[in-house]
Amino acid sequence: MENNNELKRYKISTYILSVVCLILLGVVIFSSLKVKTIVVEKNKAEILSTELQSELDSLVINHERIKQEYGAVTSKLTERDSVIQANTEEIRKLIARQADYNKIKRKLELLRTISQDYVLRIDSISRVNQELVSENKKIKEDVTKYKQNATEFEQETVSLKEKINTAARLKAYGVSAKAFNLKSNGTKEEQTDRSRKTERIKVSFTLSENSVAESGNKNIYCRIARPDGKVLIIGDGDAYSFDTEGQKLQYSIKQQVSYDKKSMNISLIWNVIDSKNEMIPGKYFAMVYIDGYQIGEASFVLK
């Protein structure tokens with residue numbers, strides 16, 4: 001009877017032990033499968049993280065390349081660049097903590113859209129800048145051309161003005177200078193070549209006809225120089241001087257004529273009236289001026 005009880009207890013124990021073993025085996029198998037699942041999921045997450053990181057790095061590299069390529073143009077889009085930088089940093093943090101894949105994917109797509117818009121804006125600004133540079137270049141070329149044309153026109157104007165001025169210049173023909181002795185109380189002239197007998201010097205010439213010259217009153221000046229270089233003058237100072245080619249000269253004779261563009265005979269007279277203008281032997285020169293330039297010259301000799 002005891003043997004039967006022991007056998008029965010043995011069988012029960014064996015059964016219980018078998019059940020426990022089976023349970024333990026099941027737990028081991030379940031745990032093993034769970035570990036494998038976790039490992040697979042982890043590997044999958046790492047692969048996805050690597051994929052997402054690679055995609056993000058590609059976008060960042062392309063963005064930096066665009067910035068370097070367009071240089072100074074990108075300075076006009078600093079605000080847009082800041083948005084890209086902020087989104088990039090946010091995605092990095094999401095990848096680091098292995099956040100939801102789909103969420104990161106959506107963020108990457110948004111970043112890609114922002115980057116594409118950034119490129120389009122840069123390209124637009126670049127094209128506008130190129131157009132402005134091209135337009136500025138054309139303006140500079142036009143200005144240069146205008147300046148060249150203006151310079152050429154000015155030169156032509158100056159040249160034409162010089163030609164007109166030259167054409168408008170009056171001339172003196174047949175200039176002669178003679179010394180006279182006065183008789184019959186100064187009413188009669190007698191030509192002389194003696195210095196001590198000279199009481200009058202007469203400079204005669206024909207003022208040319210010129211249709212280009214201005215008509216009206218004109219001052220004619222004559223300078224008579226003695227053999228020693230002294231100019232016969234009425235008085236000192238600006239009242240007895242005139243301007244010619246940038247110089248101020250003293251004159252011997254001044255006479256105003258009314259010029260009507262036709263030729264006219266002119267006689268200029270110098271009367272010897274005081275000792276300071278004493279006539280001395282030698283060669284004298286008489287130089288005639290009008291409108292600020294010399295138009296003729298003559299000489300005579302006194303003994």
Side-chain angles (χ1 to χ4, degrees), residues 162 165-303:
E162 288 176 352
N165 289 340
T166 300
R169 283 194 170 194
L170 299 176
K171 297 179 181 179
Y173 296 105
V175 182
S176 67
K178 298 177 181 178
F180 293 92
N181 176 246
L182 299 179
K183 294 184 177 296
S184 302
N185 294 322
T187 59
K188 185 178 180 180
E189 298 174 340
E190 184 179 81
Q191 189 173 345
T192 181
D193 62 357
R194 300 292 178 177
S195 60
R196 61 185 181 85
K197 288 187 176 182
T198 299
E199 295 179 285
R200 175 175 290 173
I201 297 173
K202 183 181 290 186
V203 180
S204 302
F205 59 91
T206 299
L207 191 61
S208 66
E209 177 182 354
N210 192 321
S211 59
V212 181
E214 291 185 4
S215 58
N217 293 331
K218 293 184 179 292
N219 291 323
I220 300 175
Y221 299 93
C222 180
R223 281 166 56 87
I224 302 173
R226 297 194 318 184
D228 60 0
K230 180 181 178 181
V231 176
L232 305 179
I233 58 174
I234 302 173
D236 297 321
D238 291 345
Y240 302 98
S241 67
F242 67 101
D243 294 319
T244 174
E245 297 179 348
Q247 299 182 75
K248 189 175 286 292
L249 302 177
Q250 300 296 120
Y251 62 80
S252 306
I253 308 168
K254 174 184 177 182
Q255 182 172 316
Q256 189 177 83
V257 298
S258 179
Y259 183 71
D260 61 356
K261 301 189 178 186
K262 297 179 180 179
S263 64
M264 57 191 305
N265 296 322
I266 306 292
S267 290
L268 306 176
I269 296 174
W270 168 265
N271 291 314
V272 181
I273 56 176
D274 55 43
S275 59
K276 71 177 182 179
N277 286 317
E278 178 186 1
M279 307 304 291
I280 61 175
K283 189 173 185 178
Y284 287 72
F285 290 91
M287 294 152 285
V288 182
Y289 299 82
I290 192 170
D291 292 335
Y293 56 90
Q294 186 175 339
I295 60 172
E297 182 179 312
S299 64
F300 60 95
V301 177
L302 296 180
K303 298 178 183 179

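Values in this document were obtained by computation on a predicted structure and should not be read as measured data.
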Task: I234/W270 under side chain to side chain contact (heavy atoms under 4.5 Å, CB included): CA gap, chis, key distance, verdict - done: CA-CA 10 Å; I234 302 173; W270 168 265; 3.9 Å; yes
Open item on the list: I want to check something: taking the side chain as every heavy atom from C-beta on, are R194 and L302 in contact at a cut-off of under 4.5 Å?
Closed with: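 They are not in contact (no side-chain heavy atoms under 4.5 Å apart), so the answer is no.
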- [ ] Go through the steps to decide whether R169 and Y293 satisfy the test side chain to side chain contact (heavy atoms under 4.5 Å, CB included), and finish with yes or no.
- [x] CA-CA 9 Å; R169 283 194 170 194; Y293 56 90; 3.4 Å; yes
Task: Atom pair CD1/CD1 of I253 and I233 - distance to nearest 0.5 Å - done: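 Separation between the atoms: 13.0 Å.
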Task: Spatial distance of atom CG (N271) from atom CZ (F180) [nearest 0.5 Å] - done: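 It comes to 11.5 Å.
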- [ ] Tell me, please, which residues at least two apart from Y289 pass ring pair (Phe, Tyr, Trp, His ring centres under 6.0 Å).
- [x]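 Y289 satisfies ring pair (Phe, Tyr, Trp, His ring centres under 6.0 Å) with F242 only.
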Side-chain donor-acceptor contacts of residues 201-209 below 3.5 Å, not counting sequence neighbours, with atom names and distances?
unit_1: K202; atom_1: NZ; unit_2: E189; atom_2: OE1; d: 2.9
unit_1: K202; atom_1: NZ; unit_2: E189; atom_2: OE2; d: 3.4
unit_1: S204; atom_1: OG; unit_2: S267; atom_2: OG; d: 3.4
unit_1: T206; atom_1: OG1; unit_2: N265; atom_2: OD1; d: 2.9
unit_1: S208; atom_1: OG; unit_2: K171; atom_2: N; d: 2.9
unit_1: S208; atom_1: OG; unit_2: K171; atom_2: O; d: 3.3

Task: Partner residues of S215 under the side-chain contact (heavy atoms from CB on, under 4.5 Å) criterion, sequence neighbours left out - done: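 Here the qualifying residues are K261.
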- [ ] State which residues pass salt bridge (charged side-chain N to carboxylate O under 4.0 Å, His left out) with D238; sequence neighbours excluded, sorted by chain then number.
- [x]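 By the salt bridge (charged side-chain N to carboxylate O under 4.0 Å, His left out) rule, D238 matches no residue at all.
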Task: Residues that K262 engages under side-chain contact (heavy atoms from CB on, under 4.5 Å), provided they are two or more places apart - done: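 Partners of K262 under the side-chain contact (heavy atoms from CB on, under 4.5 Å) test: D260.
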Task: Where I224 and S252 come nearest, the two heavy atoms and their spacing - done: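 Closest approach of I224 to S252: N-OG, 2.9 Å.
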TODO: Specify the closest pair of heavy atoms between A179 and F300, including all atoms of both residues, with the distance to one decimal.
DONE: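 Where A179 meets F300 most closely, the heavy atoms are CB-CE1, 4.2 Å.
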Open item on the list: If the condition is side-chain hydrogen bond (donor to acceptor under 3.5 Å, both in side chains), which residues does Q256 pass it with, not counting sequence neighbours?
Closed with: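 Residues passing side-chain hydrogen bond (donor to acceptor under 3.5 Å, both in side chains) with Q256: N219.
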Open item on the list: So, using side-chain contact (heavy atoms from CB on, under 4.5 Å) as the criterion, who are the partners of P227 when residues are at least two apart?
Closed with: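 Once residues adjacent in sequence are excluded, the partners of P227 under the side-chain contact (heavy atoms from CB on, under 4.5 Å) criterion are I280, Y284.
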Task: 4.5 Å side-chain heavy-atom contact, L170 and Y259 - done: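 Touching, per the 4.5 Å side-chain cut-off.
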Task: Side chain to side chain, Q255 and V257, heavy atoms closer than 4.5 Å - done: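 Q255 vs V257: side chains touch.
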Open item on the list: Would you say that I220 contacts V288 through its side chain, given a criterion of any heavy-atom pair below 4.5 Å between the two side chains?
Closed with: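 Of all side-chain heavy-atom pairs linking V288 with I220, at least one is under 4.5 Å.
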- [ ] Grab the two heavy atoms, one from A177 and one from A298, that are nearest each other, plus how far apart they are.
- [x]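 Closest heavy-atom pair between A177 and A298: N-CB, 3.8 Å.
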Task: Test side-chain hydrogen bond (donor to acceptor under 3.5 Å, both in side chains) applied to K218 - qualifying residues, sequence neighbours left out - done: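 K218 satisfies side-chain hydrogen bond (donor to acceptor under 3.5 Å, both in side chains) with D291 only.
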- [ ] May I ask you to test the L249-S241 pair for a side-chain heavy-atom distance under 4.5 Å?
- [x]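 No, their side chains stay 4.5 Å or more apart.
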Open item on the list: I'd like to know whether M279 forms a side chain to side chain contact (heavy atoms under 4.5 Å, CB included) with L232, so could you lay out the CA-CA distance, the side-chain angles of the two residues, the decisive distance to 0.1 Å, and finally the verdict.
Closed with: CA-CA 9 Å; M279 307 304 291; L232 305 179; 4.2 Å; yes
Task: By salt bridge (charged side-chain N to carboxylate O under 4.0 Å, His left out) - contacts of K197 (at least two apart) - done: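 Listed in chain order: nothing, the list is empty.
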Open item on the list: Which residues pass the side-chain contact (heavy atoms from CB on, under 4.5 Å) test with E199, not counting sequence neighbours?
Closed with: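 Here the qualifying residues are N181, L182.
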Task: D228 with R226: basic N within carboxylate O range, under 4.0 Å - done: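 Looking at R226 together with D228, the answer is yes, because their closest N to O distance falls below 4.0 Å.
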- [ ] Determine the minimum heavy-atom distance between V231 and Q250, stating which atoms define it.
- [x]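 Scanning both residues, the minimum pair turns out to be CG1-O, 4.3 Å.
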Open item on the list: Could you work out, with side-chain hydrogen bond (donor to acceptor under 3.5 Å, both in side chains) as the rule, every residue matching K303, not counting sequence neighbours?
Closed with: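 Counting only residues at least two positions away or on another chain, K303 forms no side-chain hydrogen bond (donor to acceptor under 3.5 Å, both in side chains).
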Open item on the list: Could you work out, with side-chain hydrogen bond (donor to acceptor under 3.5 Å, both in side chains) as the rule, every residue matching Q294, not counting sequence neighbours?
Closed with: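 With sequence neighbours excluded, Q294 shows a side-chain hydrogen bond (donor to acceptor under 3.5 Å, both in side chains) to E297, given in chain and number order.
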